[in-house]
Amino acid sequence: MKISFLECTRCGEHLPADHPQTICPKDGGVLFVHYDLGSLRGKLRREDLSGRVASMWRYAEVLPDAAPVTLGEGFTPMLPSREFANVLIKDEGLNPTGSFKARGMSAAVTMARHYGLKKLAAPSAGNAGGALAAYAAAAGIEAHIFMPKDVPLANRMECDFHGARVTLVDGLISDCARMVGERKEKEGWFDVSTLKEPFRVEGKKTMGYEIAEQLEWELPQGIIYPTGGGVGMIGMWKAFDEMEELGWIGSERPKMITVQAAGCAPIVKAWEAGKSSSEMWSGAHTLAAGLRVPKAYGDYLILEILKKSGGTAVAATDEEILAATRHWASVEGIFAAPEGAASLVAYQKLRASGFFSAEDKVVLFNTGTAYKYLDVLEAQQKKEQLAAPATRNIGGIIGPF
Ligand SMILES: Cc1ncc(COP(=O)(O)O)c(C=O)c1O
Ligand SMILES: [Zn+2]
């Protein structure tokens, strides 16, 4: 649908969307897209969605009015857990490029092409870079990606094969972001960093629409979301408000739960201290590469959502994450990215503490597929085998015959 205006989430300033915008020029606030949803109320009904394309573009009326750059992202399965009666696993590993980053990049690249932009740049913890590379390739646009040098192998390979220009950085995503910031003007790059343009949120918000549609318009009691930059959480919360405006749901909201890696948990720390913004986490380390975000640009939005929703923030150690990855794979048949498996750790903790009961319906996000982390998992497996030989299922090689 036609965009009415962009609005700053800090000061409320309105900006036009007829040309590319980044952040609020006054205070650097994140910009949200606004549509005239009131005019759709009663006209666009929930039933109208049935039979539409099985991708996030089925919600076209609440997405920008531009020809989509699509690879079939979204409308991923909502799988009932085999282990817990009221748990559902939203499996984002089935997206193009193997993670939920596809949604945000499909929307951002769609608008980049719409505006006639020719060169995009982004810092990435790994999967966002891969997704940008793929969508930029599909749109015939240049992608310049800055990633930590130790990202999973799959992320480097996909960016290379999709034809992106990759710079590997001896540092973290925050260092990569600084480099994009320093060079973008001179190079003529448009910066599609997390929350520094308004459309990745638009793509990721479709997860909120899908949860509602797939649960027959009754939102769950909780949603557990592995949080780095937090775009998915911010997007889903926006989607709930939009659906209420459309008359599709009421005022009820799920408790929104952030899970982070214990080795990089700035939102958990800020939440526990009752703060409304986070501090840069020093010495960030975790094998869940996507959660290695020492300072989220939209931290104030994430913390506000946790508060408003009655949610909370939980940290998971790498050991817990690895055990959960193996557990989900062997119990659910889902080979999850470590970031996704962190959702299971959070759920287990929140059940043990009584935050959730067995009756609460809770959606756990698996944000990506483990196939993108084979090198990370193999390195871990080797360590485990050295510590305790022959504890795993793979025997020796037999032959040659
Ligand atoms: C698999 C996976 N899960 C979760 C995240 C965190 O996502 P967000 O930055 O939107 O919070 C990332 C980010 O790279 C990721 O790749
Ligand atoms: Zn502002």
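Whatever order the structure lists them in is the order used to number ligands and atoms, beginning at 1.
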- Task: Let me know which of Glu213, Glu73, Arg103 forms a side chain to side chain donor-acceptor pair (under 3.5 Å) with Thr206.
- Result: Arg103
Numbered atoms and elements of ligand 1 in range of [X], under 4.0 angstrom, heavy atoms:
| X | answer |
| --- | --- |
| Thr227 | 11 (O) |
| Asn127 | 1 (C), 15 (C), 16 (O) |
| Pro226 | 4 (C), 6 (C), 11 (O) |
| Lys204 | 10 (O) |

- Message: Below 4.0 Å from ligand 1: does a non-hydrogen atom of Tyr373 turn up there or not?
- Response: yes
- With a 4.0 Å cut-off on heavy atoms, is Phe365 touching ligand 1? no
- Item | Greater than 12 external heavy atoms within 6.0 Å of Glu185's CD |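 Not buried by this count: 12 neighbours or fewer within 6.0 Å.
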- Task: Tell me, please, if Glu13 has any N/O/S atom, main chain or side chain, under 2.8 Å from the Zn ion (ligand 2)?
- Result: no
- If you check every N/O/S atom of Asp27, which is the one nearest the Zn ion (ligand 2)?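 The nearest such atom is OD1.
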- Message: I'd like to know if the side chain of Tyr225 pairs up with that of Glu339 as donor and acceptor (distance under 3.5 Å, no hydrogens or angles considered).
- Response: no
Note the single closest protein heavy atom to [atom], along with its residue, its atom name and the distance in Å.
| atom | result |
| --- | --- |
| atom 2 (C) of ligand 1 | Thr367 OG1, 3.5 Å |
| atom 14 (O) of ligand 1 | Lys101 CE, 3.1 Å |
| atom 11 (O) of ligand 1 | Gly230 N, 2.6 Å |
| atom 7 (O) of ligand 1 | Phe100 CZ, 3.2 Å |

- Item | Of the listed options Gly98, Ser343, Gly229, Ala341, closest to atom 9 (O) of ligand 1 (non-hydrogen atoms) |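 Checking each option, the heavy atom nearest atom 9 (O) of ligand 1 is found in Gly229.
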- Opening angle between SG in Cys11 and SG in Cys8, taken at the Zn ion (ligand 2), to 10 degrees: 110°
- Does NZ or CZ of Lys2 lie under 6.0 Å from the centre of the six-membered ring of Tyr35, at an angle within 45° of the ring axis?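 So Lys2 doesn't make the cation-pi contact.
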- Query: Hey, does Leu287 have a side-chain heavy atom less than 4.5 Å from the side chain of Leu322?
  - Reply: yes
- Return yes or no for this condition: an N or O of Gly228 is under 3.5 Å from an N or O of ligand 1.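 Yes.
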Closest non-hydrogen atom pair, [X] against [Y]:
| X | Y | result |
| --- | --- | --- |
| Pro80 | Glu332 | O-OE1, 4.4 Å |
| Ala329 | Phe335 | CB-CD1, 4.2 Å |
| Lys205 | Val62 | NZ-O, 2.5 Å |

- Query: So, are Glu359 and Arg351 salt-bridged, with charged N and O less than 4.0 Å apart?
  - Reply: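 Salt bridge between Glu359 and Arg351, a charged N being under 4.0 Å from a carboxylate O: no.
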- Glu92/Lys101 ion pair, N-O < 4.0 Å: no
